[in-house]
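This report concerns only the one structure given below.
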Amino acid sequence: MTAAVQETPVRTPVRRPQRRRPARVVLTVFLTVMAVGWVFPVAWAFYNSLRDYDFTSTHGYFSFGGFTLDNYVDAWTRGNFGQTFYNSMVITVPSVVITLLLASSAAYVLARYTFKFNLALLALFTAANLLPQQALLVPLFRMFLNIEVPFWFSDSGSLYDTYYAVIAVNIAFQTGFCTFVLSNYMKTIPKEMTEAALVDGAGVFRQFWQVVLPLCRPALAALATLQITWVYNDFFWAVAFMRTGDKFPVTSSLQNLRGQFFTDYNLLSAGSVIVAIPTLVIFFLLQRHLRAGLTLGATKG
Amino acid sequence: MSPRTFGAGGVSAINVGRRTLLKGMLGAGALAGLSACGGGDGGGGGGEVTLGSNWSDEVPKKAIADMVKGFSGGGVKVNTIDHNSFQENINNYLQGGPDDVFGWFAGYRMQFFAEQGLIGDISDVWSDIGGGFSDAMKQQSTGADGKQYFVPLYYYPWAIFYRKSLWQEKGYTPPTTMDDLVALSTKMKTDGLNPIAFGDSDGWPAMGTFDYLNLRINGYDFHKELMAGEKPWNSNEVKAVFDAWREILPFHQPDALGRTWQEAAQSLLNKESGMYTIGMFAGQQFPEGPDRDDLDFFTFPEIDPAIGADVVEAPIDGFMMAARPRNEDGAKELLSYLGTAKAEDAYLKSDPNNIGAHDDADKTGYNALQQKGEQLVSGAKSISQFLDRDTRPDFASTVMIPSLQEFIRNPNDVDGLTKSIEDQKKSIFGG
């Protein structure tokens, strides 16, 4: 909000015959090279996902021909994408919703109220991000294995091999980062707004739900995009805490397309394109918010 | 907004909204989890056996399904987990309550878990099926305590592969000694070919070359002891292996660390390379039809006449049983079936890239390569597995992969390399 006001005013374009300044040529060349450098691998993978493996293995990848759509059909059936997309959704949606809910609540308190351990708590949330997740694998694994639950709750009799374990771990690991970002963002919201609400008789919850949260929409959207992408891309926890192949998320489908010895890279490219689609959809849906959110914390509140 | 609506009623309305939202979300999460759990088998009653399968590739997956179909002893629920994830998470899998029966590898990789009590003793199954397997197979299925823990399904030999048509055209013949191999490689170089295809970006393909050189120079017993951590790596025997490798390294494709085995096999396919030390799965890189039929192999040549060339590296895949299966009777019944020629035939019919481990497996349906592989292995005095299967998995992946890659990068410091391997081995094997 304040950031938007402080932005340098956009210079109105003056229409006049442009002389080619050398700096501008250099810039254009540089940008073109960078853009091609970024796009090329993706385009190359996409191009080869449309080609037959036998063709590329005899003619090499720097060839033209052998076009087919079979890779996509094969990838869909062999990767069992229908099932794994569903599984990913089951993991991602609760993880992201609960993470954002918990993080925004914590961030609100940390940003708005001054108490003894306020800063220490925020530092703790931030520090937890630096913890290598792998280091906690064994204790977490043991913990889930030893938490016994009734069989109607989980057919393994413990939290191991359930979505609860994966969701809980995702929430636990993502809340710290989200709290950090959200509390910084909330600090940029003028105190006067909540004070005004307080004067009007709004309690803490009402200030949070009706004043602060709506103002945090850009930050929440940006975090939602990031979180969805991260949780969706996670493979480590899912494989660590589950043992039933049918419960695995979409990332395992890509693993499935990699063979024991032999990998059909064209098929794998096709699978990667399929897996990337939901992330792209989310990104384009929320990209306006994401761009607004990128500058959050850029100015000191 | 009039101040009136800010009364207690308004707040409670919001509270309800928040609670409903919370409940809704928790409910959605719980439902999702429950519905997924409900999809499970519900406790394994009714004589059903679960089979954990790491045969996730398309062809083997179908072959496993065909094989299980022939089992008459009750329902089998196959839980397929992709091969690489299964392998990387085997520890978690075994400790977290594995399926009753599951797929794994023979040799040390199996013995390692048997020693820790993580897999079940199936000696009584072996008394039923044992007659169908050779002694070498039984040896690979037996733990250090003399009990059986493993039912072999198939194996795939490693050898040096080449294209028949290319060799005919150039008049090459398969070498039987190291000197022949060097002479042939020199000739290939003058013919403008790259003699030996090589790619080690994944780390494991180079293990095949190391194993064969070691088996030919020092023999099978030394290989086993070395892998079990009983022999030092900085001994003259191991140094001799690296020295021999350095001799033939110039004939290998350069810059191997940036190449996958598939790319190396592709150079064989495109007749840019003359030969390639690899497993029988190399055929999958060749398009089905005339190209694949053109593939042939010979066994790794003899180096020391006293040792000979009758040890074949042929990794065996098969099945094991959980230490505490939910349905032990069913699991043993299933394993007895999996150890029959009938089951193997059903498997191999769908997956012709391997060779049946059972003596009576139907050989009439084998292609030329399978037949040759079968002869090679049945004539072998001993069968070794593979470096990463004959030793501790952590030693293979954290010590041997980087060490062999280091050797390929800089083949001249064998003393330093073998010393570093030995130091790391000591810490992993506990002195």
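Since we're looking at a predicted model, the values are computed, not measured. Labels below follow one simple rule: chain letters A, B, ... track the order of the sequence lines, proteins then strands, and each chain is numbered from 1.
- Counting heavy atoms of neighbouring residues, nucleotides and ligands inside a 6.0 Å radius, atom NZ of B:K271 exceeds 12 of them.
- Across all non-hydrogen atoms, the minimal contact from A:V239 to B:S85 is CG1-CB, 4.0 Å.
- Heavy atoms of B:F281 lying under 4.5 Å from chain A belong exclusively to its side chain.
- Within the 4.5 angstrom heavy-atom criterion, only side-chain atoms of B:Y156, from C-beta onward, approach chain A.
- In this structure, B:I81 CD1 and A:Q255 CD are separated by 12.5 Å, a value rounded to the nearest 0.5 Å.
- Most heavy-atom pairs under 4.5 Å with chain B: of the set A:F144, A:F141, A:F248, A:F235, this distinction falls to A:F141.
- In this structure, chain A has heavy atoms under 4.5 Å from both the backbone and the side chain of B:D82.
- With a 4.5 angstrom heavy-atom cutoff, B:N54 does not touch chain A via any of its atoms.
- A distance-only check finds a donor-acceptor pair linking the side chain of B:Q262 to the backbone of A:T263 [under 3.5 Å].
- Residue-environment remark: CE (A:M143) exceeds the threshold of 12 foreign heavy atoms within 6.0 Å.
- Only the side chain of A:Y265 has a heavy atom closer than 4.5 Å to any heavy atom of chain B.
- Only the side chain of B:W204 comes within less than 4.5 Å of a heavy atom of chain A; its backbone N, CA, C and O stay farther away.
- With a 4.5 Å cut-off on non-hydrogen atoms, A:Y160 touches chain B through its side chain but not through its backbone.
- Of the atoms belonging to A:F241, not a single heavy atom falls under 4.5 Å from chain B.
- Remark: A:E148 CD is loosely packed, at most 12 non-hydrogen atoms of other residues, nucleotides or ligands lying under 6.0 Å away.
- Only the backbone of B:P98 comes within less than 4.5 Å of a heavy atom of chain A; no side-chain atom from C-beta onward does.
- Proximity to chain B (any heavy atom under 4.5 Å) is shown, for A:R258, by both the backbone and the side chain.
- Using a 4.5 Å cut-off between heavy atoms, B:D317 contacts chain A through its side chain alone, with no backbone atom that close.
- Contacts of B:N92 with chain A are made by both backbone and side-chain atoms, with heavy-atom separations under 4.5 Å.
- Heavy-atom distances place the side chain of A:Y53, and not its backbone, under 4.5 Å from chain B.
- The distance from atom CZ of A:R243 to atom CG of B:N79, rounded to the nearest 0.5 Å, is 6.5 Å.
- No part of B:E88 comes within reach of chain A, as not one of its non-hydrogen atoms sits under 4.5 angstrom from that chain.
- Looking at B:S53, neither its backbone nor its side chain comes within 4.5 Å of chain A, counting heavy atoms on both sides.
- The closest side-chain heavy-atom distance from B:E58 to A:T77 is not below 4.5 Å.
- For A:T56, the part sitting under 4.5 Å from any heavy atom of chain B is the backbone (N, CA, C, O) and nothing else.
- Looking at B:S56, the atoms closer than 4.5 Å to chain A (heavy atoms on both sides) sit in the backbone and in the side chain alike.
- Most heavy-atom pairs under 4.5 Å with chain B, from the set A:R142, A:H59, A:M89: that is A:R142.
- Across B:D291, B:V78, B:V59, B:D99, the residue that shares the most heavy-atom pairs under 4.5 angstrom with chain A is B:D99.
- In the displayed structure, B:E288 atom CD is contacted under 6.0 Å by at most 12 heavy atoms of other residues, nucleotides or ligands.
- Here the side chains of A:F262 and B:D57 are not in contact, with every heavy-atom distance at 4.5 Å or above.
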